[in-house]
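Here the structure comes first, spelled out in structure tokens, and everything after it is commentary.
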Amino acid sequence: MIHNLTAGAIHWKFPDHNITTRDNKIAVFEPGPVPTQTEIDGYIVEYEAHLKAIEYMEKRKFEYPPIEDQLDMIYHAGLGGDEFQEAIKAIKEKYPKE
């Protein structure tokens with residue numbers, strides 16, 4: 001039976017394969033051969049570990065300020081270096097706040 005976790009694990013393990021499921025089974029797996037259930041179970045374990053390892057990324061994504069605000073903070077803090085400062089300064093001068 002193919003459920004979301006299984007499908008996710010298979011697509012994660014084989015990102016370049018053409019995979020289709022139908023009636024809760026793998027209908028297309030190109031290039032083959034179709035993995036065994038034991039192999040799929042192993043992929044699920046790996047995939048769950050991968051999801052756990054990157055879980056912090058999703059949580060952080062929603063907490064960070066927008067990139068535009070981060071770049072503005074870097075500019076005003078002077079942490080970007082001369083080249084960065086000059087590039088941002090040129091844009092800020094070209095389009096000043098009104």
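Note that these values count all heavy atoms, side chains included, but never hydrogens, waters or copies made by symmetry. Along the sequence shown, the residues carry numbers beginning at 1.
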Let me confirm one number: the [atom1]-[atom2] distance from [X] to [Y], rounded to the nearest 0.5 Å.
X: L71; Y: I88; atom1: CG; atom2: CD1; value: 6.0 Å
X: E39; Y: Q37; atom1: CD; atom2: CD; value: 10.0 Å
X: T6; Y: H11; atom1: OG1; atom2: NE2; value: 10.5 Å
X: E93; Y: E86; atom1: CD; atom2: CD; value: 8.0 Å

- State yes or no: do Y43 and V28 share one hydrophobic cluster built from I, L, V, M, F, W and Y residues joined by side-chain heavy-atom distances below 4.5 Å, directly or via other members?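 As far as the 4.5 Å side-chain criterion goes, V28 and Y43 are not connected within one cluster.
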- Connected via hydrophobic side-chain network under 4.5 Å: I91 and I67: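 Different clusters.
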- Item | M73 side chain reached by P65 side chain, heavy atoms, under 4.5 Å |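 A side-chain contact exists here, since the closest heavy-atom pair is under 4.5 Å.
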- Query: Would you say Y47 and L51 make side-chain contact, with heavy atoms under 4.5 Å?
  - Reply: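 Sidechains of L51 and Y47: in contact.
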- Message: Show every side chain to side chain donor-acceptor pair (under 3.5 Å) that has at least one partner inside residues 62-73, sequence neighbours left out.
- Response: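 Sorted result for residues 62-73: D72-H76, D72-K92.
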- With sequence neighbours left out, what residues match H17 under side chain to side chain contact (heavy atoms under 4.5 Å, CB included)?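 F14, I19, F29, P31.
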- Task: Applying side chain to side chain contact (heavy atoms under 4.5 Å, CB included), run through I40 and I26 and close with a yes or a no.
- Result: CA-CA 11 Å; I40 292 171; I26 297 174; 4.1 Å; yes
